[in-house]
Protein chains: 2
Amino acid sequence: MVVYAGQGDPRRSIELLWRGSTVENRPGPKPGLSVDAIVDAGIAVADEQGMAFSMRAVGERLGRTAMALYTYVPGKNELVDLMYDRTMAELPTSYPLDDGWRPAVTQWAHDMWEFYGRHPWVLQVSQARPVLGPHEFAVTEELARILVSTGLPGRRLRGIVGAINYFVRGAAQTIVEARAAGGATGEADEEWWYARSAVLLEIQPDLEKKFPMLHLLETDREPIDPTLPYLENDALENFRGGLKVLLDGVEGAVAKP
Amino acid sequence: MVVYAGQGDPRRSIELLWRGSTVENRPGPKPGLSVDAIVDAGIAVADEQGMAFSMRAVGERLGRTAMALYTYVPGKNELVDLMYDRTMAELPTSYPLDDGWRPAVTQWAHDMWEFYGRHPWVLQVSQARPVLGPHEFAVTEELARILVSTGLPGRRLRGIVGAINYFVRGAAQTIVEARAAGGATGEADEEWWYARSAVLLEIQPDLEKKFPMLHLLETDREPIDPTLPYLENDALENFRGGLKVLLDGVEGAVAKP
DNA sequence: TCCAATACTTTACGCCATAAAGAATCAACG
DNA sequence: CGTTGATTCTTTATGGCGTAAAGTATTGGA
């Protein structure tokens with residue numbers, strides 16, 4: 001299940017995102033938890049166990065039952081929203097433009113790529129309905145700021161911002177899920193690929209003849225960095241190459257009106 | 001939950017994908033179903049109800065219990081794999097190159113975009129572990145074929161193929177999920193956005209000053225086609241713009257060595 | 001005719017999110 | 001100082017999910 005953002009009461013969600021919890025002097029037992037603590041626990045659990053994290057797991061990590069969380073947070077969806085936005089706080093929001101927009105965008109993209117690698121579950125949070133939280137805003141604002149310095153009009157930049165976002169996300173997703181495929185250890189990785197490929201070639205021996213272009217793409221390789229596992233090499237190379245082409249396109253748009 | 005492809009026995013999965021079910025004369029009652037029928041039912045259910053489709057629902061549509069499906073298919077993951085690959089069969093796999101690669105790629109991308117619109121659940125199927133089915137191969141092979149005609153070496157094309165895929169997927173995801181946000185009818189769409197935005201502006205009145213670049217991007221609009229709903233306009237415009245930039249980048253790569 | 005394989009159902013298990021109700025705790029008011 | 005009412009947290013229960021296990025009915029071949 002992709003987690004859709006903000007199914008619940010929009011007011012409550014947005015207040016939580018932008019205001020945090022307002023604590024006054026109220027009757028009743030002192031709260032033993034806080035929204036912040038719950039969000040942090042949620043992030044920790046998700047980082048460890050992926051999106052299979054559950055309210056039970058988050059509660060357990062805090063020494064409570066799952067239901068205790070519902071005192072602070074309307075439901076799982078809203079918690080995910082908060083986790084999503086909170087995590088984004090760790091991204092830089094100020095890139096120097098001294099060398100122009102291109103190095104800045106490149107750095108932004110690489111940071112984003114690494115961010116997704118650190119928090120794979122973020123990629124599962126629905127994208128289209130933006131969470132509309134402050135940190136997500138800040139991160140996108142920064143990309144916009146960098147790109148505005150190209151001089152291109154906003155109406156053209158919107159597609160570009162989207163393209164860069166989609167690209168980084170997609171590329172990150174590829175590597176992240178490929179890693180996950182290997183299992184918890186991250187080691188059985190190549191074996192998994194190998195098992196699949198072997199069976200595939202056994203069943204379809206003439207695969208390379210049936211799909212000659214894919215074969216061509218697969219086999220025309222640059223020398224790889226032997227210190228990295230195969231998949232990381234592959235993904236990083238493709239990421240750099242794709243980003244380069246994308247930014248070349250932007251450059252073209254900047255050059256001619 | 002994003003549905004990961006192929007958790008089970010790789011041999012069984014791949015055989016199902018590439019060979020279909022082998023039916024001989026065996027003892028026991030005649031099968032009342034077939035893998036094909038189940039896959040079709042699965043696609044129908046998913047098209048209607050989104051990824052919340054369940055084994056029970058698929059079984060029901062065929063007048064069986066959920067467990068009956070397990071006679072034909074190892075599990076839900078494998079069924080999703082089969083659905084995924086089967087759906088892709090409806091995509092064209094031969095674009096004319098008479099006018100060069102660019103119109104062909106553009107058409108490929110638009111077809112893909114519409115495909116995702118027809119089958120939104122496909123976007124939820126895990127990307128990174130490719131399903132490795134014949135139709136997915138064919139679709140990607142075709143994109144590769146088009147791009148090989150640019151004369152670029154395979155090693156450079158790999159990043160480009162990735163970038164185009166990610167972009168189309170991302171852009172489609174945005175519009176598809178935005179549609180879904182509106183609810184089953186697809187009508188409450190703008191209202192949903194409006195509700196969120198209104199609350200956001202109420203809580204953060206100086207939003208536009210805090211994020212001036214986003215504001216700039218948002219407000220610099222082209223005249224829109226009044227026959228389409230707002231969101232479709234927006235998404236389509238961004239899709240075209242982003243794709244153009246991306247392909248400009250490819251063109252740049254083609255021009256200079 | 002009987003055996004063994006097959007198709008399918010029923011039942012059950014362990015997850016999940018979360019609704020509903022109850023127990024314990026505390027500030028404020030009479 | 002005792003009571004009230006709000007608040008935190010637990011317990012229990014509901015209805016969903018994928019699928020394991022066991023049972024029943026059906027069939028081709030020996």
Report task. Please answer whether the main-chain N or O of B/Leu214 pairs with a side-chain N or O of B/Glu218 as donor and acceptor at a distance below 3.5 Å. Result -> no
Requested in this report: Check whether more than 12 heavy atoms from other residues, nucleotides or ligands sit under 6.0 Å from atom CD of B/Glu60, and answer yes or no.
Outcome: no
Query raised in the report: Backbone N or O of A/Leu132 within a donor-acceptor pair of the A/Glu136 side chain at under 3.5 Å?
Result: yes
Report task. Produce a footprint string for nucleotides 18-25 of chain D: one letter per nucleotide, 5' end first; B if the base is under 4.0 Å from any protein heavy atom, S if only the sugar-phosphate is, - if neither. Result -> BBBB----
Query - Side-chain donor/acceptor of A/Tyr72 to backbone N/O of A/Leu33, under 3.5 Å - result: yes
Requested in this report: Can you tell me which residue pairs pass the side chain to side chain donor-acceptor pair (under 3.5 Å) test with a partner in residues 32-47 of chain A, sequence neighbours excluded?
Outcome: A/Asp36-A/Arg86, A/Asp40-A/Arg86, A/Asp47-A/His119, A/Asp47-A/Trp121
Report task. State which residues pass ring pair (Phe, Tyr, Trp, His ring centres under 6.0 Å) with B/His110; sequence neighbours excluded, sorted by chain then number. Result -> B/Phe239
Query raised in the report: What is the bend of the helix from C/dT1-D/dA30 to C/dG30-D/dC1 when you compare the axis at one end with the axis at the other, using five pairs each and rounding to 10°?
Result: 30°
Query raised in the report: Is it true that A/Glu141 and B/Lys210 have a side-chain N and a carboxylate O under 4.0 angstrom from each other?
Result: no
Query raised in the report: Are any side-chain N or O atoms of A/Asn238 and backbone N or O atoms of B/Arg158, one a donor and one an acceptor, separated by less than 3.5 Å?
Result: no
Report summary line: By side-chain hydrogen bond (donor to acceptor under 3.5 Å, both in side chains), A/Glu48 pairs with (sequence neighbours left out) A/Arg61
Query raised in the report: So, does B/Arg169 use its side chain to make a donor-acceptor pair with the main chain of B/Leu123 at under 3.5 Å?
Result: yes
Query raised in the report: DNA chain D: A/Leu33 or B/Lys30, which has the more 5' nearest nucleotide?
Result: A/Leu33
**Report entry** First and last nucleotide of DNA chain C, 5' to 3', lying under 4.0 Å from heavy atoms of chain B
**Finding:** C/dA5 to C/dT10
